[in-house]
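Everything below concerns the one structure shown next.
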Amino acid sequence: MSETLTHRAPPGARPLCLGLIGIWFLALLAGLFYPSIGSEAYYVQLLSLSLFGLVHGSERYGLPAMLAFLAIMFVVVNLTENLSIATGVPFGNFEHTPAMGPKLFQVPVIVGFAYFSAGYLGWALANLLLGEPDRDRGALALFATPVVAMFITTAWDACIDPIGGTVARNWIWKDGGGYFGVPLSNFIGWMITTYIAFQLFALLPARRPAIVRTGQDRLWWALPAIQLGVMGLQYPLNLMLLPDAEITDPSGTTWQTGDIFEGTTVVSLFTLIFIAVTGLFAAARREP
């Protein structure tokens, strides 16, 4: 076990994190009840989630390390998604539509922030569930958190991608796919991309263990689980509140949006909400 620093939370950090979770949820409800502001609500959600990652993560790693995490994720995502748009590898044949906003080459700028915000939750929860491997210099610890975080983050995409792609058409899968218009290759691409980014970030505490500040309380550990659980509620709310309609993906396959909302609700229950509940129990069992 490497030597680390004990750290106390900055005043107001916990209320700010809880407030950001609340803003995310209110923006979700606003987008559901007032579809005309759906794009604006999404940007508010993404901003609040990104700020949550920076504020929450800074308590353990410091703001410079969290900005490095953001930069790593941004660069890796831009490289792999641009590669896939050009070649079909590793995500498959897809393209982003103008609805996603300004682009860097062929990838919208907001995509890097989406990966970072969801990726930080995956990282924090993996670190919680594995017993703080970021404090250990061992080889197993170096690889453990990136692998588990990769699965958690891709679980989020398994919920959002059929809605963002097939229903909302924020991006388009040119050849369709068996999972409500999304191909398996997309999720392989997410796993590869997030693993590379997580593994690069994992080198920071491995090489500079002093940046890891320990001593966070149960609430700090519980906050990412609360955020992920709230995010998981989006899918049953979609099922309850959004109308059913028939849509056709670019490959010509017809889907019912109600089936997509029901399918992503099932996935959310057994991925996002399950992970959130497990994280809350793990946080509650920690020493005070």
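Quantities reported herein were computed from a predicted structural model and do not represent experimental measurements.
Atom CD1 of I23 and atom CG of L51 lie 8.5 Å apart (nearest 0.5 Å). Once rounded to the nearest 0.5 Å, the distance linking CD1 of I110 with NE2 of H96 reads 9.0 Å. Atoms CZ and CD, on F25 and Q45 in that order, are 10.0 Å from each other to the nearest 0.5 Å. One distance of note links CH2 of W156 with CD1 of I160; it measures 5.5 Å at 0.5 Å rounding. Once rounded to the nearest 0.5 Å, the distance linking CG of L20 with OG of S117 reads 12.0 Å. Between the CG atom of L104 and the CG atom of N78 there is a distance of 4.5 Å, given to the nearest 0.5 Å.
Taking all atoms of both residues into account, the shortest heavy-atom contact from G92 to S84 is O-OG, 2.9 Å. Residues L204 and A68 share a closest heavy-atom pair of CD1-CB, 4.1 Å. Counting all heavy atoms, side chain and backbone alike, Q227 lies closest to I21 at OE1-CG1, 3.3 Å. Considering all non-hydrogen atoms of both residues, R213 and Q216 come closest at O-NE2, 2.6 Å. Residues W220 and H56 share a closest heavy-atom pair of O-NE2, 2.6 Å. The shortest non-hydrogen separation linking M66 to L54 is CB-CD2, 4.0 Å.
Aromatic ring pairs are classed by plane angle as parallel below 30°, tilted from 30° to 60° and perpendicular above 60°; the pair F201 and Y61 is perpendicular.
Between E95 and K103 there is no salt bridge, since no side-chain N of the basic residue sits under 4.0 Å from a carboxylate O of the acidic one.
Between D217 and R14 the shortest side-chain heavy-atom distance falls below 4.5 Å. A 4.5 Å side-chain heavy-atom check between R208 and I211 finds at least one atom pair inside the cut-off. Annotation: side chain of L121 is in contact with side chain of F52 (closest heavy-atom distance under 4.5 Å). Looking at heavy atoms from C-beta onward, T154 lies in side-chain contact with T194 at the 4.5 angstrom threshold. Looking at heavy atoms from C-beta onward, D136 lies out of side-chain contact with L142 at the 4.5 angstrom threshold. M73 places a side-chain heavy atom less than 4.5 Å from the side chain of F198. Residues E81 and F105 have side chains not in contact (no heavy-atom distance under 4.5 Å, counting atoms from C-beta outward).
A donor-acceptor contact under 3.5 angstrom links the side chains of T80 and T193, judged on distance only. A side-chain N or O of Q256 and one of D244 form a donor-acceptor pair less than 3.5 Å apart.
The same ILVMFWY cluster, assembled from side-chain heavy atoms under 4.5 Å apart, contains both L237 and I37. If you chain together hydrophobic residues whose side chains sit under 4.5 Å apart, L47 and Y120 fall into the same group. Cluster annotation: L125 and L219 are assigned to the same hydrophobic cluster (Ile/Leu/Val/Met/Phe/Trp/Tyr, side-chain heavy-atom contacts under 4.5 Å, transitive). By the rule that hydrophobic residues join a cluster once side-chain heavy atoms approach within less than 4.5 Å of another member, M240 and L26 end up as members of separate clusters. Linking Ile, Leu, Val, Met, Phe, Trp and Tyr whenever their side-chain heavy atoms come within less than 4.5 Å leaves F94 and L79 in two separate clusters.
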Next item on the list: Go through the steps to decide whether T254 and I247 satisfy the test side-chain contact (heavy atoms from CB on, under 4.5 Å), and finish with yes or no.
Entry: CA-CA 6 Å; T254 300; I247 55 174; over 6 Å; no

Checklist line | Residue pair M191, T153: steps toward the side-chain contact (heavy atoms from CB on, under 4.5 Å) verdict | finding: CA-CA 8 Å; M191 294 174 72; T153 308; over 6 Å; no

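L18 is linked by a side chain to side chain contact (heavy atoms under 4.5 Å, CB included) to L223, counting only residues two or more places apart in sequence or in another chain. By the side chain to side chain contact (heavy atoms under 4.5 Å, CB included) test, T145 is found to be paired with W123, A126, N127, L130, P133, residues two or more places apart in sequence or in another chain being considered. With sequence neighbours excluded, the residues that form a side chain to side chain contact (heavy atoms under 4.5 Å, CB included) with L70 are F113, F116.
L140 belongs to no hydrophobic cluster with other residues, because no ILVMFWY side-chain heavy atom falls under 4.5 Å from its own, directly or through intermediates.
Judged purely by atom type and a 3.5 angstrom limit, T257 uses its side chain to pair as donor or acceptor with the backbone of P243. Remark: the backbone N or O of F261 is paired with a side-chain donor or acceptor of T265 at under 3.5 angstrom. Judged purely by atom type and a 3.5 angstrom limit, T264 uses its side chain to pair as donor or acceptor with the backbone of I260.
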Just list the side-chain donor-acceptor pairs under 3.5 Å for residues 165-190, sequence neighbours left out, or say none.
{"residue": "T166", "atom": "OG1", "partner": "F180", "partner atom": "O", "Å": "2.5"}
{"residue": "R169", "atom": "NE", "partner": "T166", "partner atom": "O", "Å": "3.2"}
{"residue": "R169", "atom": "NH2", "partner": "T248", "partner atom": "O", "Å": "2.1"}
{"residue": "W171", "atom": "NE1", "partner": "D161", "partner atom": "OD1", "Å": "2.9"}
{"residue": "W173", "atom": "NE1", "partner": "D161", "partner atom": "OD1", "Å": "3.1"}
{"residue": "D175", "atom": "OD2", "partner": "N93", "partner atom": "ND2", "Å": "3.0"}
{"residue": "Y179", "atom": "OH", "partner": "A158", "partner atom": "O", "Å": "2.7"}
{"residue": "S185", "atom": "OG", "partner": "F91", "partner atom": "O", "Å": "2.7"}
{"residue": "N186", "atom": "ND2", "partner": "D157", "partner atom": "OD2", "Å": "2.9"}
{"residue": "N186", "atom": "ND2", "partner": "D161", "partner atom": "OD2", "Å": "3.3"}
{"residue": "W190", "atom": "NE1", "partner": "Y115", "partner atom": "OH", "Å": "3.2"}
{"residue": "W190", "atom": "NE1", "partner": "D157", "partner atom": "OD1", "Å": "3.3"}
{"residue": "W190", "atom": "NE1", "partner": "D157", "partner atom": "OD2", "Å": "3.3"}

Going by atom type alone, with no hydrogens or angles, which donor-acceptor pairs under 3.5 Å involve a side-chain atom of residues 272-287 and a protein atom two or more places apart or on another chain?
{"residue": "T278", "atom": "OG1", "partner": "F274", "partner atom": "O", "Å": "2.8"}
{"residue": "R286", "atom": "NH1", "partner": "E132", "partner atom": "OE2", "Å": "3.4"}
{"residue": "R286", "atom": "NH2", "partner": "E132", "partner atom": "OE2", "Å": "2.6"}

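Residue F270 places its CZ atom among 12 or fewer non-hydrogen atoms of other residues, nucleotides or ligands, all under 6.0 Å distant.
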